[in-house]
Engineer: 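Quick one: the structure is below, questions incoming.
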Amino acid sequence: MGPDELSSPAAAAAAGADGEPAPFSFSIWPPTQRTRDAVVRRLVDTLAGDTLLCKRYGAVPPADADPAARAIEAEAFDAAAVTGGAAASVEEGIEALQLYSKEVSRRLLDFVKSRSAAAKDADHPTKDEPAEEAAA
């Protein structure tokens, strides 16, 4: 970094009125939209891809995986935001981010389990409900 770079307009704007550098600010919560979008993409890959979760509970068609992933992420974010709110410290932000991560995982697992159970119920009608072949 040369002396010309230090006196650039960007460097001057970053410095305070007294020439001191502006304090560095770091915030871990809430996550950026870019981070949230990455979480959604990863959820879609997990739901529709060749994962252990899909092998156990069944893969979700890509057309269904995207809206499900967006709903899972949004619900997890909302749940963490209630607790994390505007985190006043890095520690509180980390706690909110951990809660967000746990909520994403829990809701993902709940979704695939409920979808698998619904598929099994559709494949095996109960004794009260006659099979379609029997009705024909």
Engineer: Return the minimal non-hydrogen interatomic distance between Phe77 and Pro31, and the atom names on each side.
Structural biologist: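 Reported closest heavy-atom pair: CE1-CD, 3.8 Å.
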
Engineer: Quick check on the hydrophobic clustering: are Val40 and Leu108 connected, directly or via other members, by side-chain heavy-atom contacts under 4.5 Å?
Structural biologist: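 No, Val40 does not connect to Leu108 through the hydrophobic network.
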
Engineer: Where do Tyr57 and Ser116 come nearest, in terms of heavy atoms and distance?
Structural biologist: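 Between these two residues, the closest heavy atoms are O-CB, 3.6 Å.
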
Engineer: Identify the heavy atoms of Leu99 and Ala79 that sit nearest to each other, and give their distance.
Structural biologist: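 Taking Leu99 first and Ala79 second, the nearest heavy atoms are CD2-O, 4.1 Å.
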
Engineer: Which heavy atom of Ala96 sits nearest to which heavy atom of Ala80, and what is that distance?
Structural biologist: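 Scanning both residues completely, I find the closest heavy atoms to be O-CB, 3.8 Å.
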
Engineer: Which residue pairs pass the salt bridge (Lys or Arg N to Asp or Glu O under 4.0 Å) test when at least one of the two sits in residues 33-46, sequence neighbours left out?
Structural biologist: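 Sorted result for residues 33-46: Arg36-Glu73.
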
Engineer: I'd like to know whether Leu43 forms a side-chain contact (heavy atoms from CB on, under 4.5 Å) with Val39, so could you lay out the CA-CA distance, the side-chain angles of the two residues, the decisive distance to 0.1 Å, and finally the verdict.
Structural biologist: CA-CA 6 Å; Leu43 285 169; Val39 169; 4.1 Å; yes

Engineer: Give the minimum heavy-atom separation between Ala68 and Phe111, together with the two atoms involved.
Structural biologist: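 Minimum heavy-atom contact is CB-CZ, 3.5 Å.
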
Engineer: Once rounded to the nearest 0.5 Å, what's the spacing between atom CD1 of Ile28 and atom CD of Glu91?
Structural biologist: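 Ile28 atom CD1 to Glu91 atom CD measures 10.0 Å (nearest 0.5 Å).
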
Engineer: Evaluate side-chain contact (heavy atoms from CB on, under 4.5 Å) for Leu109 paired with Leu53, printing each intermediate quantity in order.
Structural biologist: CA-CA 8 Å; Leu109 192 55; Leu53 205 60; 3.9 Å; yes

Engineer: Pairs in or reaching into residues 54-72: which pass salt bridge (Lys or Arg N to Asp or Glu O under 4.0 Å), with residues at least two apart or in two chains?
Structural biologist: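 The answer is Asp50-Lys55, Asp64-Arg115, Asp66-Arg70.
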
Engineer: Minimum heavy-atom separation for Ala65 and Leu47, please, with both atom names.
Structural biologist: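 For Ala65 and Leu47, the tightest heavy-atom pair comes out as O-CD1, 3.8 Å.
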
